[in-house]
Amino acid sequence: MLESSLGKTCSQMSAHTFCRDICLARGEPMTGAGGVASRYVLLHWPRGHWRVPRTTALGMEEALADAIKAANSAGIHVALVDGDEIALASNGIIMRDAAGKEIADQLLRLAAGEELSGERDDRITILCCTDSKHDPCCARYGFATWKSLRAHADPATFRVLQSTHIGGCRFAASILVLPQRARYGRLEPKDVPDFLTCLRENEPYLPAYRGNPDLDEVDQVAEHAALSFWREKGFTGEVRLDRQSGANEEGEVEIIAALGTQRLIIRLRTEEFDLNTRCSTLNPGGQTGCVSRWRAVSIEPVA
């Protein structure tokens, strides 16, 4: 299913409009923006105590803040989360009870390449960004979706948490699913039942899927286009991609996608979009720019 383009030229926007609404009106696609950190650590911290940056959260001691910074420097995204009382989690391992120096020590061990000490938790974890301190979109859109997730998700299967900023304010509600490291955007409360069904079946929820985090941007877009095409016809499975060449003079790339014995030729093209990553950039004097994004422009089955 191809996304339609609703506009791409730079223009002045109202300072009172949410960046998520602006991004949607411009037609900027989410697909291809699925890149994430290689590792995540979830640290329980009451939502009312969150601050920006998160290392200045209310009640956070300097030693813990320094440990978070060390983990960040090692490529680990440390998210503050609220929704249960599990103190710390990483790679499916949880510590139910820990505080202060113990958490700081665990983070430093993780930064050094060690694993978390704790018990196994095989539930699917869903982070929903509701970080109003970072951007109003995350509160306006994220909180409603989080409430719907909490209402519909079976706690035996899912761990649903509010989270500090995880990237993609303009795609709110912004969602991260672990351990798959899958990013989703513009997930609305009405979408939640179908979203949870897909996660239970270990399938991406394509209407809100930002792309396979293990692929580059071009392949994310091609894989999404192929999955969407075949799912509409009732086919699922692993898609194999073969990039035929680099971008031609028209800025197009051709990719062969295969599912079993079926094949598709997918052509992608780059387009330019205005970029406002946060609502604050819509204010007078706020920073704006443009971003080049790939879009699938044609899909042809191969006989």
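Annotation: salt bridge (charged side-chain N to carboxylate O under 4.0 Å, His left out) contacts of Arg231 (sequence neighbours excluded): Glu203. Among residues two or more places apart in sequence or in another chain, the salt bridge (charged side-chain N to carboxylate O under 4.0 Å, His left out) test is passed with Arg269 by Glu252. For the salt bridge (charged side-chain N to carboxylate O under 4.0 Å, His left out) test, residues two or more places apart in sequence or in another chain that qualify with Glu188 are Arg20. For the side chain to side chain donor-acceptor pair (under 3.5 Å) test, no residue two or more places apart in sequence or in another chain qualifies with Arg183.
With respect to the salt-bridge test (charged N to carboxylate O, under 4.0 angstrom), the residues Glu254 and Arg267 qualify. Contact check on Asp131 versus Lys133 returns no salt bridge, with no Lys/Arg side-chain nitrogen under 4.0 Å from an Asp/Glu carboxylate oxygen.
Distance alone, capped at 3.5 Å, places no donor-acceptor pair between the Ser163 side chain and the Ala79 backbone.
Residue pairs meeting the side chain to side chain donor-acceptor pair (under 3.5 Å) criterion with at least one member in residues 56-75, sequence neighbours excluded, do not occur. Each ring pair (Phe, Tyr, Trp, His ring centres under 6.0 Å) pair with one or both residues in residues 149-169, not counting sequence neighbours, appears once here: His134-His165.
The aromatic rings of His77 and Tyr40 lie tilted to each other, with the angle between the two planes from 30° to 60°.
Here CD1 of Ile175 is found 10.5 Å from CG of Asp191. Values are rounded to the nearest 0.5 Å.
Placement of Leu88 and Met60 within a single hydrophobic cluster is found when ILVMFWY residues are connected by side-chain heavy-atom separations under 4.5 Å, directly or transitively.
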